[in-house]
Amino acid sequence: MPELPDVEVLRRYLQSTALHHEITDVDLRAEALLEETQPERLSGALVGQQFESTRRHGKYLFVALDGGDWLVLHFGMTGDLKYFEDPDQDPEYDRLLLQFANGYHLAYIAPRKLGEVDVIDKPEDLIQDRGLGPDVKDPDFTLETFKQLLGSRRGMIKTALMDQQLMAGIGNVYSDEILFQARIHPRTKVKDLDGQKLEELYQTMNGVLDTAIDCQAIPGRLPDSYLTPQHHQGGVCPLCGETVQRVKVGGRSAYYCPNRQGQEPGGDGG
DNA sequence: ACATTGACCTGAGAGC
DNA sequence: TGCTCTCAGGTCAATG
């Protein structure tokens, strides 16, 4: 779930619920989620403070505290947030639970504990330390940027789209959705895409990400023409009914429609 | 450079 | 019911 659109939806959710309430208690139930923060610093930075604003870079969510620190949340493969009042609504697998002075709670949910919770001085530090590329939804991420980054790539397009060091935000599901909408086979070599095709891909990428955000990143709300709800074995192409194919790309399962996106590329060389 | 694999950690679902 | 196996939306490190 938590790729750029999902994280953007979570950012807006937190923004509209948990801002400007004093944090009165912090309960971290899985210390392994802390990658570069001492447990004491977490509560020390949060208790008595309020969330002031939010930022997102790729799949990372940053929340500014009025004390000057930033809370970092990364959602791994299964992370989620829930803001609630009634303790009976405390969700399963809540790994971090914040209590606010208004009686509400914010739960960070991570069944697989593959996410990250940290407190840092500023987002730029983490972006630099992790070597993240530019966020693909940043206004500065232009067609020219996109073409320039891909210009030196020799590998497959799906791998490039998912490389957070190259460009940040796209994961396995949305890379497949973007390539499906652009009618490009996931194993296509970047160098085999001409300028025209790259421009189409760029426009498609923006369209898919914007649409997904508009749909709250809920697969069932996506347009009927979207592949994402069929992103599993036995799924069928929403446009032609062909059974989707699964291939390994960069260690991940890529799903695509062999009818609309072609068979394995390569061989004839043009 | 790039591809591949395994590790991290846990749960869901299928098959027996 | 219980066991085993495979897969899962991410990231990182090690190895060809």
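Naming convention: chains lettered A, B, ... in sequence-line order (proteins, then strands); numbering from 1 in each chain. None of the values given here were measured: they were computed from a predicted structure.
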With a 4.0 Å cutoff (strictly under), does any side-chain N or O of [X] reach OP1 or OP2 of [N]?
| X | N | result |
| --- | --- | --- |
| Y255(A) | dC7(C) | no |
| K248(A) | dA3(B) | no |
| S253(A) | dA8(C) | yes |

*Locate the shortest heavy-atom distance separating E8(A) from R56(A); write the atom from each residue and the value.*
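Residues E8(A) and R56(A), closest heavy atoms: OE1-NE, 2.8 Å.
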
*Might you point out which heavy atoms bring N172(A) and S253(A) nearest each other, and give the distance in Å?*
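Smallest interatomic distance, heavy atoms only, reads ND2-O, 2.9 Å.
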
Gap between atoms [atom1] and [atom2], on [X] and [N] respectively (whole Å):
| X | N | atom1 | atom2 | value |
| --- | --- | --- | --- | --- |
| L209(A) | dG9(C) | CG | C1' | 14 Å |
| Y174(A) | dG10(C) | OH | C1' | 15 Å |
| D129(A) | dC12(C) | CG | P | 11 Å |
| M162(A) | dT11(C) | CE | C1' | 12 Å |
| I178(A) | dG9(C) | CD1 | P | 15 Å |
| L73(A) | dG10(C) | CG | P | 17 Å |
| K189(A) | dA1(B) | NZ | C1' | 12 Å |
| L161(A) | dC2(B) | CG | P | 14 Å |

*For the side chain of M77(A), starting at C-beta, report the closest nucleotide among dT11(C), dG9(C), dA3(B).*
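Minimum distance to the M77(A) side chain belongs to dG9(C).
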
_Paired stretches of DNA chain B - 3 or more consecutive Watson-Crick or G-U pairs, each distance under 3.5 Å_ =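 Runs of three or more consecutive pairs: B:2-8 with C:10-16, B:10-16 with C:2-8.
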
At under 4.0 Å between heavy atoms, what does [X] touch on the DNA or RNA strands: base, sugar-phosphate, or nothing?
| X | result |
| --- | --- |
| H74(A) | sugar-phosphate |
| E116(A) | nothing |
| G155(A) | sugar-phosphate |
| M156(A) | sugar-phosphate |

*Taking the P atom of each, how far is dT10(B) from dT1(C), in whole Å?*
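Between the two P atoms, the distance is 25 Å.
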
_Whole-Å P distance, dT5(B) and dT6(C)_ =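 Going atom to atom, P in each nucleotide, I get 15 Å.
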
_Check the orientation of H105(A) and F84(A). Use parallel for under 30°, tilted for 30 to 60°, and perpendicular for over 60°._
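The rings of H105(A) and F84(A) lie parallel, inter-plane angle below 30°.
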
*Please state whether the rings of F62(A) and W70(A) are parallel, tilted or perpendicular, taking 30° and 60° as the class boundaries.*
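Ring orientation of F62(A) relative to W70(A): perpendicular.
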
*asked:* Between T78(A) and R112(A), is there a side-chain donor-acceptor contact under 3.5 Å, judged purely by atom types and distance?
replied: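 Side chains of R112(A) and T78(A): no pair found under 3.5 Å.
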
_For F75(A) and Y108(A), I'd like to know if the aromatic rings sit close, meaning centre-to-centre distance below 6.0 Å._
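Close enough - the centres of the two rings lie under 6.0 Å apart.
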
*Close aromatic pair by centroid cut-off 6.0 Å: Y83(A) and Y104(A)*: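 So the answer is yes for these two rings.
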
_Sub-4.5 Å side-chain heavy-atom contact between M205(A) and V136(A)_ =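 Heavy-atom side-chain distance check passes, below 4.5 Å.
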
*Determine whether more than 12 heavy atoms belonging to other residues, nucleotides or ligands lie under 6.0 Å from atom CD of Q148(A).*
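Counting other residues, nucleotides and ligands, CD of Q148(A) stays at 12 neighbours or fewer.
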
_Toward the 5' end of DNA chain B, by each residue's nearest nucleotide, R252(A) or R153(A)_ =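 With R153(A) and R252(A) compared, the 5'-side residue is R153(A).
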
*asked:* Using a 4.0 Å heavy-atom cut-off to protein, can you give one letter per nucleotide of nucleotides 9-16 of chain B, 5' to 3': B if the base is in contact, S if only the sugar-phosphate is, - if neither?
replied: BBSS----

_Gap between atom CZ of R154(A) and atom OG1 of T159(A) - 0.5 Å precision_ =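 Rounded to the nearest 0.5 Å, the OG1-CZ separation comes out at 15.0 Å.
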
